[in-house]
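What follows is a short report on a single structure.
These numbers come from a predicted model, not from an experiment.
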Amino acid sequence: MIYLRILRTPSLALVWWSQLLSVVGDQLFSVAVVWLMVSRTGSNAGFVSAAGLVTGLTFGLLGGHFADVFDRRKTMMVVDGLRTAIVGALPVLALIGQLRLWTVFAAVVLVEMLGTLFLPSLQGALNQLCKDELTTNGMNALLESTQRLARIIGPAMTGLLVALLSIQGFFWLDSLTFAISAAILFTLKREFTPAISVPLIPAPTILAPLIPPPSSAKTSGVNPFLTEVPNSFRLLWRNRSLFRAIVSLGLVNIAWSTIFLLGTPLLVERGFHHGISDYGLLSAAYGIGNVLSLLFTVGSRFRQNIVIMYIGQVVMGLGFLVLSTAPTLSVAGIGIIIAAFGSPMGDLLLLNIIQRDFPPKQIGKIYSLRNLVSNFGLAIGLLASVYLYKVLPISSVMLTASVYIIFVGLIHTIERMWPSTRRYITRTLS
């Protein structure tokens, strides 16, 4: 089995374990920030999450460009080192009584900005770490499952940790996971053999991944970033199936962020009048649904059919419909598991398409374009929901957003399946 083979490969296993720890820490950080802001500012907490997403939009393409130019391992090490310092500064400020909402806001923005450089570097590095397409696809699945598994482990730990630590203690743990990730990457120098078609620039110092060498500043008198990004857009446009899927992802994310990122914590605190531990349990339930979905998708014979992504959107909308009308926290948990089951159905497929259909030197930029559209939808949803939750009942906003997701998923499912359906009807009638 490919997953066992990957986990028996020391370099790949170390990368997987480091990312599992890191994303679990990210979930603790996210829960702590969201609850801290919701409890103090109400729906205005959406501005903090939106600021992180806008940062991703602003620096996303630049991060993808640098990820395809600089030494990926050293870039990831520097990014993890900086994130260790930034997140670790928050509990230090709390100890000396200087932790303010604006410092949390700044930390979210900086961590998100660095993430736009780390994630494309990691995706591009898989072509260096994995020696064949099967291993690359398997590693994609493991890393994707890591993200979903962290949504179970991190939030589920909240109930236990909140009894042992202050919210600031969550920041200590996240900082530690970044430090561990950097240390593991440091030990993997030999395993990161440069891909033949990806010109990696050696970085003689620790800051070199972030400093472009003079020889790459211009190509034919034009900044490479200004020429390569439009080329990436053109490559994506030619793959119409992938282009439509990414646009659909952005449209759905408008409602997803409205419901999950802001609506769910508001519903727990103001609708059900529960605390952070119950919010953590709902977040963990979302992670359980994600993992179940990945097991289904990876094992399904339809995993290469992009229509499964659109069907997943319909399932997600139905689950959120249950969540938004739930009379109790238990029913809300059932709804959120159903929604989570539909959520990742297309994510793994999109990653496989990007790594399979595009040149290695374009993977980071295409991945960043995908994230750009995704984050754009999330940011719009968060900014709009800040005002919507102030003037409308929480359940009404979530219900409307759920119906919107179902509508988008149905439209794309019908559009994708209509040609084959029409041919079947024509053959039947004739």
Would you call the rings of Phe320 and Phe260 parallel, tilted or perpendicular, where under 30° means parallel and over 60° means perpendicular?
->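 Rings of Phe320 and Phe260: tilted, 30 to 60°.
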I'd like to check [X] versus [Y] (side-chain heavy atoms, cut-off strictly below 4.5 Å). Are they in contact?
| X | Y | result |
| --- | --- | --- |
| Phe105 | Leu101 | no |
| Val24 | Thr177 | no |
| Met139 | Val15 | yes |
| Met316 | Phe341 | no |
| Ile180 | Leu21 | yes |

Distance check, rounded to the nearest 0.5 Å: [X] atom [atom1] versus [Y] atom [atom2]?
| X | Y | atom1 | atom2 | answer |
| --- | --- | --- | --- | --- |
| Asn375 | Leu249 | CG | CG | 9.5 Å |
| Met37 | Phe47 | CE | CZ | 10.5 Å |
| His273 | Asp278 | NE2 | CG | 13.0 Å |
| Ser330 | Leu281 | OG | CG | 10.0 Å |
| Ile311 | Arg416 | CD1 | CZ | 11.5 Å |
| Leu117 | Leu82 | CG | CG | 9.5 Å |

Looking at [Y], is its backbone amide N or carbonyl O close enough to the side chain of [X] to form a donor-acceptor pair, meaning the two atoms are under 3.5 Å apart?
| X | Y | value |
| --- | --- | --- |
| Asn253 | Trp256 | no |
| Tyr404 | Leu251 | yes |
| Asp80 | Ala179 | no |
| Thr55 | Met113 | no |
| Arg370 | Ile246 | no |

Do you know which of Phe171, Trp172, Phe178 makes ring pair (Phe, Tyr, Trp, His ring centres under 6.0 Å) with Phe29?
->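 That would be Phe171; it is the only one of Phe171, Trp172, Phe178 passing the ring pair (Phe, Tyr, Trp, His ring centres under 6.0 Å) with Phe29.
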Please assess Arg72 against Leu122 for the test side chain to side chain contact (heavy atoms under 4.5 Å, CB included), listing each intermediate value before the final yes or no.
-> CA-CA 7 Å; Arg72 285 160 176 156; Leu122 178 61; over 6 Å; no
Using the side chain to side chain contact (heavy atoms under 4.5 Å, CB included) rule, take Leu323 and Thr264 through it: C-alpha gap first, then chi angles, then the decisive distance, then the call.
-> CA-CA 9 Å; Leu323 171 67; Thr264 301; 3.9 Å; yes
Where [X] and [Y] come nearest, the two heavy atoms and their spacing:
| X | Y | value |
| --- | --- | --- |
| Leu262 | Ser385 | CD2-OG, 3.4 Å |
| Gly381 | Ser257 | CA-OG, 3.4 Å |
| Leu261 | Val34 | O-CG1, 4.3 Å |
| Val79 | Phe118 | CG1-CB, 3.8 Å |
| Gly317 | Ser402 | O-CB, 3.6 Å |
| Ile338 | Gly319 | CG2-CA, 3.6 Å |

Taking everything shown except Phe407 itself, do over 12 heavy atoms lie less than 6.0 Å from its CZ?
->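 For Phe407, atom CZ is not crowded (no more than 12 foreign heavy atoms under 6.0 Å).
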Report, one line per pair, each donor and acceptor closer than 3.5 Å where one atom sits in a side chain of residues 388-398; sequence neighbours left out.
{"from": "Tyr389", "atom 1": "OH", "to": "Thr258", "atom 2": "O", "distance (Å)": "2.6"}
{"from": "Lys390", "atom 1": "NZ", "to": "Asn44", "atom 2": "OD1", "distance (Å)": "2.8"}

Using side-chain contact (heavy atoms from CB on, under 4.5 Å) as the criterion, list what pairs up with Trp102, not counting sequence neighbours.
->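 With neighbours one apart ignored, the set is Arg100.
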Derivation of the side chain to side chain contact (heavy atoms under 4.5 Å, CB included) call for Ile411 and Val408 | CA-CA 5 Å; Ile411 289 295; Val408 172; 5.9 Å; no
Salt bridge (Lys or Arg N to Asp or Glu O under 4.0 Å) involving Arg244 - partner list, sequence neighbours excluded =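 With neighbours one apart ignored, the set is Glu415.
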Please lay out, stage by stage, how Ile380 and Phe376 fare under the test side chain to side chain contact (heavy atoms under 4.5 Å, CB included).
-> CA-CA 6 Å; Ile380 291 176; Phe376 185 70; 3.2 Å; yes
Looking only at side chains, do Ser181 and Arg83 share a donor and an acceptor under 3.5 Å apart?
->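 There is no such pair (donor and acceptor under 3.5 Å, judged by atom type) between the side chains of Ser181 and Arg83.
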